[in-house]
Amino acid sequence: MPSIHILSPQLANQIAAGEVVERPASVLKELCENSLDAGAQRIDVEVEQGGVKLIKVRDDGCGISEADLPLALSRHATSKITNLDDLEAVSTLGFRGEALASIASVSRLALTSNTGDSKGWKAISEGRDMKVELQPAAHPTGSSVEVRDLFFNTPARRKFLRTEGTEYKRIYDGIKKLALSRMDVAFSLRHNQKVQFNLRPAANHAEQEKRVADICGPLFMEQALYIDNDRTGIRLWGWIGLPTFSRSQPDLQYFFVNGRSIRDKVVSHAVRQAYQDVLYHGRHPAYVLFLEILPSDVDVNVHPTKHEVRFRESGSIHSFVSSTLQKALASDRPQDHLEAGAGDPAAGMVGLRQEDPLANQSLQSSLSLLGTPSGGYQQTWQSSQSRFNSVNTPLSNYQSLYSAQGEDGTEGEQEVPPLGFAIAQLKGIFILAENSHGLIVVDMHAAHERITYEQMKQAFDDQSLAAQPLLVPESLALSQREADIVEAHYELFQQLGFSVERVGLESVIVREIPAILRGSKVEGLLRDVISDLLEHGTSERIRDHINEILSTMACHGSVRANRKLSIPEMNGLLRDMEITERSGQCNHGRPTWSQLTLDQLDKLFLRGQ
């Protein structure tokens with residue numbers, strides 16, 4: 001064995017570069033983050049040959065003084081932290097003080113800067129001896145960094161780079177993340193002398209939506225819900241795609257914590273949990289979300305590239321993110337996706353006749369045929385009146401919701417509800433309805449399945465989780481850590497209908513389970529719950545398993561294909577859809593309805609051309 005010796009500064013920097021400088025995109029990320037930390041309001045990026053030949057970043061930030069320029073290229077030199085307290089509450093994007101030194105060790109780097117109170121200066125460093133040459137240079141307030149010939153002195157690392165197109169795509173994706181993270185900053189990108197995009201600052205909500213549409217595509221914004229929820233010390237806001245805008249890959253998922261793009265298991269699990277009840281199997285949601293939290297409540301110093309974070313209260317974060325998204329998805333209704341004026345679900349109640357007692361009988365009959373409790377719909381409708389600003393009209397006047405004609409056979413003047421009036425049934429599968437914008441097509445089984453499922457969930461929640469004692473208590477062998485988790489969450493298991501007691505250092509015994517889970521594989525379910533508690537600090541496994549059972553029951557209890565429905569039955573289903581949570585998707589994530597506007601129908605038949 002050779003004798004122990006200290007590495008040379010150059011070799012140490014090149015080894016550090018392996019952690020920070022993986023490829024051109026990671027160089028660009030570090031440089032742009034420095035610009036943002038410097039207070040830049042505009043960042044211009046220019047790259048050549050996928051960033052291997054040139055990466056140039058120019059900003060209008062505060063700049064670096066002449067005295068600090070050589071230090072900026074030194075390892076472990078930073079202006080962003082001074083002591084341990086600063087490290088425990090990092091409020092900047094970069095703070096390790098090794099990015100520029102690491103980049104300079106594997107490239108030819110030139111840093112030009114001006115603080116605005118004097119002429120500019122340029123620091124030049126090449127990767128051989130790491131010496132810094134300083135010379136005056138003309139430059140406006142701000143900084144410019146040129147990185148040329150990346151990995152020219154480390155050919156082993158350079159040969160692992162991909163093609164120019166692949167490396168450029170990584171750069172493009174990286175700039176998109178940065179542009180989303182700081183919408184108040186202008187960004188431009190040029191590749192091989194060609195302008196790729198030029199984004200203006202987004203100061204208000206409309207401009208922010210335009211930037212998101214420019215980056216994620218206009219179709220995403222057309223099918224996205226805006227959310228904004230806050231509580232003491234934490235805020236979550238942004239856009240989440242509707243379940244119908246799901247993706248085959250998780251390629252449109254952006255999550256930012258205090259302006260930093262991160263990948264986090266807790267957050268990813270919380271988002272999946274929120275979409276679980278509405279997303280088709282194997283599909284991935286799309287979202288652009290921003291989490292604002294106290295810097296002291298999140299540790300960003302857990303990964304060299306700062307892609308990962310650690311929350312001090314991960315269970316609380318998981319619950320907050322999941323519940324916020326679940327509420328947003330649950331509150332989405334068909335009328336939210338129709339133009340203003342399509343009508344409020346109660347709008348069709350205006351001006352209805354009050355003297356026709358047969359209407360109520362017809363409706364009750366249709367609801368019973370659909371499997372809906374006779375009083376359930378009336379109660380649900382009345383409870384939603386304040387939400388939709390409906391008028392106090394008796395349900396007995398519901399006839400015009402399935403008959404748009406007056407007593408004399410002419411069309412009445414009442415407003416049309418969002419999903420309109422049923423006009424026919426197609427092949428025993430689809431309901432065709434006419435609303436203010438054109439034709440509505442409803443998959444009657446999928447729609448009724450969701451309605452039945454939501455009603456069953458509500459009824460189950462109202463009755464709470466009834467526990468059933470096991471004839472023979474079941475013993476589980478666990479690790480000591482798992483048994484500790486069970487003991488610490490004893491009350492949680494009780495709330496879920498389980499009686500689980502610790503009887504040894506590495507064993508627990510199950511005495512009661514929720515009655516609805518009778519016949520299920522309880523041991524595997526409990527082990528999954530314990531695993532979730534260990535990793536995320538929370539678990540929804542038991543609730544999800546119960547929902548699966550209810551979903552199966554709802555599927556079997558819903559109207560089937562080829563079932564003939566009367567016009568009143570079809571209209572009863574449409575009205576239920578308008579007030580039911582998540583009614584845009586069935587229990588399996590399939591869409592339940594679609595709108596064909598008059599413009600779309602005109603184009604289909606070449607009308608007006």
> Taking CG in L604 as the centre, count heavy atoms belonging to other residues, nucleotides or ligands within less than 6.0 Å. Is the count above 12?
yes

> Just checking, is any N or O donor in the side chain of N114 or T141 under 3.5 Å from an acceptor N or O on the other one?
no

> Set out, in order, the CA-CA distance, both residues' side-chain angles and the distance that settles side-chain contact (heavy atoms from CB on, under 4.5 Å) for W121 and S65, then state yes or no.
CA-CA 8 Å; W121 290 87; S65 66; over 6 Å; no

> Around E313, counting heavy atoms of other residues, nucleotides and ligands shown, do more than 12 lie under 6.0 Å from its CD?
no

> Backbone N or O of S319 within a donor-acceptor pair of the S323 side chain at under 3.5 Å?
yes

> Does S583 offer a backbone N or O that forms a donor-acceptor pair with the side chain of T592 under 3.5 Å?
yes

> Contact between D264 and F255 at the side-chain level, heavy atoms closer than 4.5 Å - yes or no?
no

> For a side-chain contact (heavy atoms from CB on, under 4.5 Å) check, start with the C-alpha distance between Y275 and L329, then their side-chain angles and the critical distance, and finish with the verdict.
CA-CA 8 Å; Y275 276 90; L329 292 170; 4.0 Å; yes

> So, R235 and D230, do they make that salt bridge, N to O below 4.0 Å?
no

> Test side-chain contact (heavy atoms from CB on, under 4.5 Å) on D44 and V57; report intermediate values, then the result.
CA-CA 6 Å; D44 299 310; V57 176; over 6 Å; no

> Donor-acceptor pair, N258 side chain versus V90 backbone, under 3.5 Å?
no

> Quick one: does any side-chain atom of T324 pair with a main-chain N or O of F320 as donor and acceptor, under 3.5 Å?
yes

> Between D336 and S331, what is the shortest heavy-atom contact and its length?
OD2-O, 3.6 Å

> Quick one: does F311's side chain get under 4.5 Å of V267's, heavy atoms only?
yes

> Please name the pair of heavy atoms, one in W237 and one in E292, separated by the smallest distance, quoted to 0.1 Å.
NE1-OE2, 3.0 Å

> Side-chain donor-acceptor pair under 3.5 Å between Y168 and N192, yes or no?
no

> Looking only at heavy atoms, what is the nearest atom pair of S74 and A101, with distance?
C-CB, 3.7 Å

> Got Q585 and T244 here, is their nearest side-chain heavy-atom distance under 4.5 Å?
yes

> Should E167 and R162 count as an ion pair when the cut-off is N to O under 4.0 Å?
no

> In Å and rounded to the nearest 0.5 Å, what is the CG to CD1 distance from L111 to I103?
10.5 Å

> Within the 4.5 Å heavy-atom criterion, are L109 and L73 side-chain neighbours or not?
yes

> Drop me the distance from T92's OG1 to I81's CD1, to the nearest 0.5 angstrom.
8.0 Å

> Could you tell me whether a side-chain N or O of E207 sits under 3.5 Å from a main-chain N or O of A203, the two making a donor and an acceptor?
yes

> Whether K176 engages the ring of Y172 as a cation-pi pair (distance to the six-membered ring centre under 6.0 angstrom, angle to the ring normal within 45°) should be assessed.
no

> I'd like to know whether R231 forms a side chain to side chain donor-acceptor pair (under 3.5 Å) with S316, so could you lay out the CA-CA distance, the side-chain angles of the two residues, the decisive distance to 0.1 Å, and finally the verdict.
CA-CA 12 Å; R231 70 183 189 200; S316 176; 2.5 Å; yes

> Are D173 and K169 close enough for a salt bridge, meaning some N to O gap below 4.0 Å?
yes

> Testing the 3.5 Å rule here: is there a donor-acceptor pair between the side chains of T597 and D599?
no

> With no hydrogens and no angle check, is any side-chain donor or acceptor of R283 less than 3.5 Å from a backbone partner on S246?
yes

> Give a yes or no on whether R310 atom CZ has more than 12 heavy-atom contacts from other residues, nucleotides or ligands under 6.0 Å away.
no

> To the nearest 0.5 Å, how far apart are CD in Q41 and CG in D60?
6.5 Å

> What I'd like to find out is whether the side chain of L54 reaches to under 4.5 Å of the side chain of V147, using heavy atoms alone.
no

> Measuring from F245:CZ to L225:CG, what's the distance to the nearest 0.5 Å?
12.5 Å

> Measuring only between side-chain heavy atoms, which start at C-beta, is R450 closer than 4.5 Å to N587?
yes

> With the side chain counted from C-beta on, respond yes when F197 and V195 share a heavy-atom pair under 4.5 Å apart, and no when they do not.
no

> Does either side chain, that of S113 or that of H139, offer a donor lying less than 3.5 Å from an acceptor on the other one?
no

> Angle class for the H205/Y226 ring planes (parallel below 30°, perpendicular above 60°, tilted otherwise)?
perpendicular

> Quick one, Y287 and V271 - any side-chain contact, counting heavy atoms below 4.5 Å?
yes

> side-chain contact (heavy atoms from CB on, under 4.5 Å) for I240 and L289? Distances and angles first, verdict last.
CA-CA 7 Å; I240 58 173; L289 292 171; 3.7 Å; yes

> Enter the distance from Q49:CD to T163:OG1 here, rounded to the nearest 0.5 Å.
12.5 Å

> Determine whether the side chains of S188 and N198 contain a donor N or O and an acceptor N or O closer than 3.5 Å.
no

> Would you find a donor on one side and an acceptor on the other, under 3.5 Å apart, between the side chain of R190 and the backbone of E48?
no

> Report yes or no: does R582 contribute a side-chain atom to a donor-acceptor pair with the main-chain N or O of V278 at less than 3.5 Å?
no

> From K53 NZ over to F152 CZ, what is the distance, rounded to the nearest 0.5 angstrom?
15.5 Å

> Using only atom types and a distance under 3.5 Å, with no angle test, would you say the side chain of S181 pairs donor to acceptor with the backbone of L178?
yes

> If every non-hydrogen atom of E133 is compared with every non-hydrogen atom of Q135, which pair is closest and at what distance?
OE2-OE1, 3.2 Å

> Do the ring planes of F290 and W239 sit parallel (below 30°), tilted (30 to 60°) or perpendicular (above 60°)?
perpendicular

> What's the shortest heavy-atom distance between I175 and C32, and which atoms?
CD1-SG, 4.1 Å

> Write down the atom of E164, the atom of G50, and the distance for their closest heavy-atom approach.
CG-N, 3.5 Å

> Does a side-chain N-to-carboxylate-O contact under 4.0 Å join D59 and R42?
no

> Do you know which of R200, K210, R211, E209 makes side-chain contact (heavy atoms from CB on, under 4.5 Å) with M183?
R211

> Consider only side-chain N and O atoms of K80 and N34, and report whether a donor and an acceptor are under 3.5 Å apart.
yes

> For D68 and L71, indicate whether the former's side chain and the latter's backbone hold a donor-acceptor pair under 3.5 Å.
no

